[in-house]
Amino acid sequence: MDLTKLNDKQLEAVKMTEGPVLILAGAGSGKTRVLTTKVAYLVLEQGINPYNILAITFTNKAAKEMKERVLKMLGKDAYKIQISTFHSLGLLILKTHYHNLGFEKNLTILDSDDTLTIIKKIIKDMNLDSKIYNPRVIRNKISSAKNEIISPSEYGKFASSDYEQIITEIYEKYERKIKNNNSVDFDDLLILPIKLFKENPNILHEYQERFKYLLVDEYQDTNEAQYVLIKLLSSKYQNISVVGDIDQSIYGFRGANYRNILNFEKDYPKANIVLLEENYRSTGNILNVANDIIKNNKKRKEKKLWTKNEEGLKIKYHRAYDEQDEAHYVMGEIKKLIKNGAKKSEIAVLYRTNAQSRNMEEALLNENVPYKVVGSFYFYNRKEIKDLISYLKLLYNANDDVSLMRVINVPKRQIGPKTIQALALKASEKHTSLYKAIDGGKELEFKKIIENIKAQSEDISLTDLVDLILNETGMKKELEREKTLEAEVRLENLEEFKSITKSFEEKNGIISLEEFLEEISLVSDVEEHKNNNDVVTLMTIHSAKGLEFEHVFIIGLEENLFPHANALDYPDELEEERRLCYVAVTRAKKSLTLVNAKRRLLYGNVNANLPSRFIDEIDAKYLDSDVKEEKPKFDKEAMIDDTITYKPGDKVIHDKYGEGIIIAAGNILTIAFSQKYGIIKIMKGHKSIRKV
DNA sequence: CGGCAATGTGTTTTT
DNA sequence: CACATTGCCG
């Protein structure tokens, strides 16, 4: 095989196939190349059975990319290699050994909204004040405990106050509750396999024999549970290669412990260490900026990235008037790039918080530049979509009380809180689920509907099943009856959901309900399910990790936003913010633009923030800044006519799309055009559109 | 039970 | 600001 593309260090890392290897890989130093080449090397040069290899990544995106690359190098042998995220690996193990853990086969995966619902209900049932016992806070505490593999009883032992004692109680009830529902949360996907392995050494042994070779990406972001899982799997053969970079540890808030990487040598005394410091991705200037920023962190191992690449352009710095002006500036720069031949897919706008995408979206809509927002869950968060998914989940697992509660009265069936309370009482007396406890009343009608769908659902496609649900439950009819424009949008969304299931079927052939639910629980980002070609990417810096773009914009570089206000008082968190900034900067290959705004609308108030300290940390000689300009260059009045107001139902005409009807009106108009164009969003007051 | 209005309430990052 | 929850009334 061709190993000539690797440098000496990379080659060294690839060839160390036996025993533990720690690869300290700086940003852009080719770690993905090393990992994938190593996988191929194991199979092609060492004759290792691909079935014996396990590669673990953090994100679905990274797993997908690795699969594609390995497929290119190995052909269909690649399918035998287990390449997955921690969570999907956990699920795989659970689905094989559910019985040993006291679960039934048809497990439901709870997302963080589901867990919140459960915790709220527990707090209510315990007659606690939810202002003191904040469900969100408690949910996070329970999750942290689980990620550190602390059981409720252990948690109780550490409880030093009444408050903590109550949390212990909630934690216990929560665990009992989800188990009774035959469901697991995200954290369980990690800790249940650990429990399984500890209780059944023979099963662990099986997996150790199967996965003789382990490769782990982003090791600095492993939390305790992930760490233990890897440790267990690798302890027999110790053929484990981990790749990581302390400077890119950005998941501390989720329990990630970058010390796992520092402790690697202690955990595996025979470990070999390889340092990758040559960067192939970015220009010299971009790297200089990255180094300038990260060197301010105290808690790190000295390391300096270098590159043979050219110095490149200076880093642009622009201070805008407000958040809209900021978006408009970026928009203008994007247009220039495109005009000069850049592909839209080579451009990314990165930000600290999801909420920041909105202004950018408006600006892009304004100019009709296609884009995608990565990691936005708003599609799956819509009521009608959640309802539909709940029906699917309930069909799959009748014990899923959370889903049942969600849809038992959707559409309205005169089943209110009182009925549900009575049902809940019955269920708990009989030690069974809500669904199974139903034996009369209006609830029985509901149960019959579900049973009826079940009876008809044999041998039909997923898309047909969705149709069946929409029809049989009356969801569709109710929305159609409403005749409001809002209902129309909901129906549209349900249609879009069907197009997602269809594309699943096209890609994978027949897909079972089980597989589909698994996929959308683990990959909740709609964008991952679509084929987006040439569009500009908007995303949080967290989502951008591991990716690279020719042209990167980092927006909102202001004190209180980035670094975030909540981090300012905590040195460790501030260092994590700085690492985050380092990650953002090192995504860029050719050009990097830093932007912030003097004023920003936040929670309805206008705030004036200072420029981010991270900008001060950069040596001015690398910057091409235009901060002198005081006035907003963007004259809103010229572009947008604020005097026009639209309301749903208004007829409009668009330069390109022709006639349409307003479905929803806000700052962004949702307009239904002819069949050919469908529903399109356009900025209110945009010059391309006018009232008829 | 269902719908609407008033009244809080709180927003970092994700598998 | 935007949303979620609560409270009140038909």
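All values below were derived from every heavy atom in this structure, side-chain atoms included, with hydrogens, water molecules and symmetry-related copies excluded. This structure is a prediction, so every number in the text was calculated from the model and none was measured. We name chains A, B, ... by the order of the sequence lines, and we start the count at 1 in each one.
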- Using a cut-off of strictly less than 4.0 Å, decide whether A:Asn560 has a side-chain nitrogen or oxygen near OP1 or OP2 of B:dT12. no
- Task: Applying side chain to side chain contact (heavy atoms under 4.5 Å, CB included), name anything that partners A:Asn127, two or more places apart in sequence or on another chain.
- Result: none
- Item | Side-chain donor-acceptor pair present, A:Asn182, A:Asn106, cut-off under 3.5 Å | yes
- Task: Give the nucleotide from the list B:dT12, B:dT14, B:dT15 with an atom nearest to the side chain of A:Phe186.
- Result: B:dT15
- State which of B:dT11, B:dT14, C:dA2 makes the closest approach to the side chain of A:Arg358. C:dA2
Do any N or O atoms of the protein come closer than 3.5 Å to N or O atoms of nucleotides 7-10 of chain C, and which pairs are they?
none

- Message: Can you measure A:Asp111 atom CG to B:dT14 atom C1' for me and round it to whole angstrom units?
- Response: 12 Å
- Task: Please answer whether the main-chain N or O of A:Leu423 pairs with a side-chain N or O of A:Glu443 as donor and acceptor at a distance below 3.5 Å.
- Result: no
- Query: Where is the tightest heavy-atom contact between A:Asp245 and A:Ile261, given as atom of each residue plus distance?
  - Reply: N-CD1, 3.9 Å
- Note on the structure: A:Tyr163 meets the ring pair (Phe, Tyr, Trp, His ring centres under 6.0 Å) criterion, sequence neighbours left out, with A:Tyr133
- Message: If I take atom CG in residue A:Leu94 and atom P in nucleotide B:dT15, what distance separates them, rounded to the nearest angstrom?
- Response: 19 Å
- Message: I'd like to compare against my own output: the B/S/- annotation of nucleotides 1-9 of chain B with a strict under-4.0 Å heavy-atom distance to protein.
- Response: SSS-----S
- Compare side-chain N and O positions of A:Thr353 against OP1 and OP2 of B:dT11 and report whether any pair is under 4.0 Å apart. no
- Message: Taking only side-chain N and O atoms of A:Asn354, does any of them lie within less than 4.0 angstrom of OP1 or OP2 on B:dT11?
- Response: no
- Query: Hey, is NZ on A:Lys477 packed in by over 12 heavy atoms from elsewhere, all under 6.0 Å?
  - Reply: no
- Query: So, is A:Thr59 near the phosphate of B:dT14, with a side-chain N or O under 4.0 Å from OP1 or OP2?
  - Reply: no
- Message: One thing to verify: whether A:Arg600 and A:Glu558 come together as a salt bridge, which I'm taking to mean a side-chain N less than 4.0 angstrom from a carboxylate O.
- Response: yes
- Sole residue of A:Arg406, A:Lys121, A:Lys393 in salt bridge (Lys or Arg N to Asp or Glu O under 4.0 Å) with A:Asp114: A:Lys393
- Message: What is the separation between atom CZ on A:Arg136 and atom P on B:dT13, rounded to the nearest whole Å?
- Response: 11 Å
- Message: Quiz question: going by heavy-atom distance under 3.5 Å, is there a donor-acceptor pair between the base of B:dT15 and the side chain of A:His87?
- Response: yes
- How far apart are the closest heavy atoms of A:Ala437 and A:Lys426, and which atoms are they? O-CD, 3.6 Å
- Message: At 4.0 Å (heavy atoms only), tell me whether A:Glu573 reaches a base, stays on the sugar-phosphate, or touches nothing.
- Response: base
- With sequence neighbours left out, the residues meeting side chain to side chain contact (heavy atoms under 4.5 Å, CB included) with A:Arg599 are A:Tyr321, A:Asp322, A:Val606
- Query: In residues 112-128 of chain A, which residues come under 4.0 Å of DNA chain B by heavy atom?
  - Reply: none
